[in-house]
Every structure is written in C-alpha cells, then in structure tokens.
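Here the structure is laid out as structure tokens; the discussion comes afterwards.
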Number of protein chains: 2
Amino acid sequence: MANRCETCAVRHRSLCGALEQKEVERLSQISRRTTIPAGKAIVAEGDKAVFVANILSGTVKLTRSLEDGRRQIVGLQFPSDFLGRPFRTHWSVQAEAVSEVELCQFDRKQFEQMITDFPTLEQRLLARVLDELDRIREWLFIVGRKTAAERVASLLVMIADREHDAGCGSSLHETVVFDLPISRSEMADCLGLTIETVSRQMSQLTAQGAIDLRNSRSVHIPDLQRLRRIGGLAVDPAAI
Amino acid sequence: MANRCETCAVRHRSLCGALEQKEVERLSQISRRTTIPAGKAIVAEGDKAVFVANILSGTVKLTRSLEDGRRQIVGLQFPSDFLGRPFRTHWSVQAEAVSEVELCQFDRKQFEQMITDFPTLEQRLLARVLDELDRIREWLFIVGRKTAAERVASLLVMIADREHDAGCGSSLHETVVFDLPISRSEMADCLGLTIETVSRQMSQLTAQGAIDLRNSRSVHIPDLQRLRRIGGLAVDPAAI
DNA sequence: CGATTTATTTGACCTAGATCAACGACGCCG
DNA sequence: CGGCGTCGTTGATCTAGGTCAAATAAATCG
C-alpha cells in the first residue's frame, strides 16, 4: 500500500522535494517501505537492479571487494540520499546496511518512467549524482595521497559535516558532537588503511586534543576547523 | 560562428548523439571550438564555471592537489567525454590538457537551458555521469586496496579499454597495441604511487612478458585477459 | 551476574613502496 | 654534431603503515 509522503522524515531533503503535491502522489503509489537490519546486505555486486530507493533512516555503505578479503568502502549514504542506479540493469557495488536502515523503494523501471515524465525530478537526481561525483573525487584524492593521520581527520570531518548536515559553515571553531555510524573496521575500509592504523590515529588525535572520545563511537570535536587543518582540508567547508 | 556538427568526429558517441537534427542545430549555435595546447591548464580548481564542453580530441586530466605538491589525478577524459559541471558555479578540480585538446564548448547557462528543454539530452548526461561514478568507484577501490603491481596493470587495462573503446569483450586473450596518453608521472598521480614505483612495475610487467614496450609510451599487450588477472580485475570486461 | 564473544587499543616487528641518488635515453636547439 | 634539459630506469636505503600478537573493554547471552 502507498505510504503517506506528507509525513516522510526526508520529504524535502530527498529527491522528492522536487515534486509537486500531485506528482508526489503518483510517486507514493509506486513506493514501498522496507526495513533492513544492521549488518545485512541490501544488494550484492552483480545483483539485478530491480529497485532504487531513498534512504529514510540509517546508514548504508557501498563496497567493492576482492575474493581474498580486501575490501573498500566506495560510498557512505545517509538519510535522504538516493540509493541505486537508474538505467543500469545490474549493481556494480554491494550495498550493506551499517545500522538498521529504512528505505523507500521504487521499482526501477517505474522510477525511470517517472524520471522521464518529470524533468524536475531528473534534474534534481542529476544534481545529486554530480555532487556525489565531486565527493568521491575528493575521496580518491584523500585515499591516494594523504597520510594516515590526514585520512582519519578527513573522514571525521566528512562524517561530522554529513551528520548534522546543516553543515554550511556557521561559525568558525565550532564544536561538534556526534556518534560514529561506522566501526573502526569500516573506517579502515573507507580509508584504505588497517583497523590498527585507524585506531592508532584516533588515539593520536585524542592525545593532541583534536578530538575527545567518550566511548569508541562517540566523538566530540572541540574545534572543527582545527580538525580540518589536520586533515589537510580547505578551511572553508566545501559548499554542498 | 556555429560549427557544423554533421562533420563532428564525436557526433554520435558524445552527448549530442541524443539529439535530433533540429536540436543539434540549436546546440551548434551556442557551441564554439577551442584548441588547448598540451600541458596547459583548461581551468583551475575554484575557477568560475563559465562553460561546459565535449572533448573532440586529445586527453584531459582532472586533478586535485595540495599546496605541498601532492597531486592526484581524479579523472581522465577522452574524446567524446563530457567536461564540466552543470548547475555548479565553480570547478572543484583542475582540468589540464594532457595532449593537445580540442573542445566543443558551450556557455554553461545556455547549456543548462538546453538540458531543461531537451530531456533526452539530460537523460544521456545523467547516464554518462552515472557511468563516470561507477568508474571512479572502481578507481577508488584500486587506489585504496591494490598493490603497486595490480594498480599499474589495472591502469593499463583501463586505458586500453578506453583507447580502442570498441572495448566490449570481443575475443578472450586479445592483443592490444596503443600509445599511452600519459607520462609516468601522470600514471603515478592516477595511482597514488611515485614515478619510480610505476617505472619499476612497468619493468616488472615487461620482464613477466605481460606487456611489451617498444618505447616508453608505446604499449603492446599480448594478452589482455592476463593483464586483467594481474590487475585483479574481473576477467569479463565490465560492461560499459 | 559471570562466561563468552567481539570490538578496540597497544606494542613489537616487518615490508611495500617512498625517498634519495645516479645514470641512460631521447629530443631540441645552436 | 655536441651540449642540455626532460623523462624514464635502476639501485641503495629508509619509513609509514602493515602484520602479528597480546591486552583491555564492551556487548551478548545464558
């Protein structure tokens, strides 16, 4: 049964924000909510692409891996992000629920039809994909050329930015507190490092006073600009 | 003055392949050809985005860099590829001509209008950006988790695929000969390695008989599948 | 609540690739 | 043709981060 989009937590931040009341209704008719428990794969590399989805809550990781166990997280997605690949028949990455995830799924074919019918939707999707491309290029740079310390700092800043995704600048030297959605092992897989190195760098950052861990998942950043500097990031938060 | 798209070398492979005769005419009216000499920057990180373009000939590298000289190539673009970022006011990467490059430029704003007016164009652009996203995710994986030998092999395969971009499978164990568009230093910047390591790995691959260098730029790959295997790539060429 | 399992931290040591340093091979120009 | 600058190769050494191992610390379960 169609769900009521008016009460959707990500109604305006997600793709659907592009749509008028009437259009949303049509979209809601092809949507279906699903909940995926933490740690479960949503789709595997090579799976047929039968759906696309908006993330309503939770965190999703996109990974590529080799048979020998090497693994790289190639995307982290948060509530209101779009998950999936219109106009492709198969998934090129594995998508896995990091925490429990709620999705608003659409049949891929029907969604493609919607895109074709509603240019505003397509335009918004395009803008999103382009943003994603920018972010992943930044990411490639980090993984390709930065030191372990810089990588860990950069990841923390990135997650901080996306968690309280007000993001946009506000004051310099701002304080941020948040829970890491991912484990040390997942941090390592984001950064092309090992768990041990990530852990050592977290300890190092703590020792420097750049972060403060109340427990291993709860991060307090007393001065975001400072952490940006440690990460070798532009001090001006890259405008989304 | 408008150029005649009918004679365009990349007319059908590029974005414009989506357009009807009449639409192409309109597009051609806002297009302008430029030639950029080898080694020259096309735009710098942070530049105002005044245009987007199709690449007619030559190779373009997209780079991010740090003040201390560390540099990462985050994209390599070939003829028929689309260069630029609609709906963004500034460039987030530097674009530089690797070889002499011919562009077919469009005013960004006008191009955005075209996108809005011609959904087929937008859809084709979307598909392209999604492809680019897939490729760069693969790339992130390579840089994050693969050994130097695997990285170099992967890069050669990737370039071989894109150079004679018939690409699509044909026979197994196929032979490929091509000229590297990029220097050792640029290969290193693609892979997050140093020149020396790239050079050593090229020598290693030559010693193994996996490649054959007639000169430092001219690569002969006697068995593409074998090189794929060395690079830890799926043997089935990832469908474009 | 104690037992067990799983995540994280820390330490000791090792290695892939970086760095430093020649050296050879082309092209270019006078 | 010979000097010179750039690019690529190769060798010797060093080091950031990996690997292996052990000690906490936190979560799960009966």
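Source: prediction; values computed, not measured. First the proteins, then the strands, lettered A, B, ... as listed; each starts at 1.
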Determine the contact category for A:Arg217: base if any of its heavy atoms lies under 4.0 Å from a base atom, sugar-phosphate if only primed atoms, P, OP1 or OP2 are that close, otherwise nothing.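 Answer is sugar-phosphate: A:Arg217 comes under 4.0 Å of backbone atoms only.
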
Take the protein atom CD of A:Glu186 and the nucleotide atom P of C:dT6, then report the distance between them rounded to whole Å.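 Checked: the CD to P distance equals 16 Å.
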
Using whole Å, what does the distance between atom P of nucleotide C:dT8 and atom CE of A:Met187 come to?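 Those two atoms, CE and P, are 10 Å apart.
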
Side-chain polar contacts of residues 176-188 of chain B - donor-acceptor pairs under 3.5 angstrom, sequence neighbours left out - could you list them?
unit_1	atom_1	unit_2	atom_2	d
B:Ser183	OG	B:Ser185	N	3.4
B:Ser183	OG	B:Glu186	N	3.1
B:Ser183	OG	B:Glu186	OE1	3.3
B:Arg184	NH1	B:Ser216	O	3.1
B:Arg184	NH2	B:Ser216	O	2.9
B:Glu186	OE1	B:Ser183	N	2.9
B:Glu186	OE2	B:Lys61	NZ	2.9

Which distance, rounded to the nearest 0.5 Å, do you find between the [atom1] of [X] and the [atom2] of [Y]?
X	Y	atom1	atom2	result
B:Leu83	B:Asn54	CG	CG	9.0 Å
A:Thr206	A:Ile211	OG1	CD1	4.0 Å
B:Cys8	B:Arg11	SG	CZ	8.0 Å
B:Phe106	B:Leu15	CZ	CG	8.0 Å

All salt bridge (charged side-chain N to carboxylate O under 4.0 Å, His left out) counterparts of B:Arg137, not counting sequence neighbours: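 Here the qualifying residues are A:Glu132.
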
Sequence-distant partners of B:Thr194, side chain to side chain contact (heavy atoms under 4.5 Å, CB included), two or more places apart: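 Side chain to side chain contact (heavy atoms under 4.5 Å, CB included) check on B:Thr194 returns B:Glu196, B:Thr197.
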
Does any pair with a residue in residues 139-149 of chain A pass side-chain hydrogen bond (donor to acceptor under 3.5 Å, both in side chains), and if so which ones, sequence neighbours excluded?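 The answer is A:Arg145-B:Asp189, A:Thr147-A:Glu150.
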
If you walk 5' to 3' along DNA chain D, what is the first nucleotide with an atom under 4.0 Å of a heavy atom in chain B, and what is the last?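 Result: D:dG8 to D:dA12.
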
Compute the angle between the rotation axes at the two ends of the helix from C:dC1-D:dG30 to C:dG30-D:dC1, each taken over five pairs, rounded to 10 degrees.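 Comparing the first five pairs with the last five, the axes sit 40° apart.
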
Which residue pairs satisfy the salt bridge (Lys or Arg N to Asp or Glu O under 4.0 Å) criterion with at least one member in residues 38-47 of chain A, sequence neighbours excluded?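 Qualifying pairs, neighbours excluded: A:Glu45-A:Arg64.
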
Show every salt bridge (Lys or Arg N to Asp or Glu O under 4.0 Å) that has at least one partner inside residues 198-207 of chain A, sequence neighbours left out.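 Of all non-adjacent pairs touching residues 198-207 of chain A, none passes salt bridge (Lys or Arg N to Asp or Glu O under 4.0 Å).
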
5′-ward residue of the pair A:Ala148/B:Ser185 relative to DNA chain D: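 Closest to the 5' end, via its nearest nucleotide, is B:Ser185.
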
Salt bridge (Lys or Arg N to Asp or Glu O under 4.0 Å) evaluation trace for A:Asp161 with A:Arg135: CA-CA 12 Å; A:Asp161 279 350; A:Arg135 269 199 299 272; over 6 Å; no

Please enumerate all residues that pass ring-ring contact (aromatic ring centres under 6.0 Å, His included) together with B:Phe78, with sequence neighbours excluded.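 B:Phe78: no ring-ring contact (aromatic ring centres under 6.0 Å, His included) contacts found.
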
Using a 4.0 Å heavy-atom cut-off, write out nucleotides 24-29 of chain C from 5' to 3' as B (base contacted by protein), S (sugar-phosphate only) or - (no contact). ------

Residue-level proximity of residues 191-207 of chain B to DNA chain C when a heavy atom falls under 4.0 Å: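 Listed by number, they are B:Gly192, B:Leu193, B:Thr194, B:Glu196, B:Thr197, B:Arg200.
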
Which residues satisfy the side-chain hydrogen bond (donor to acceptor under 3.5 Å, both in side chains) test with A:Asp134, sequence neighbours excluded?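 So A:Asp134 forms a side-chain hydrogen bond (donor to acceptor under 3.5 Å, both in side chains) with B:Arg85, B:Arg88, B:Ser92.
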
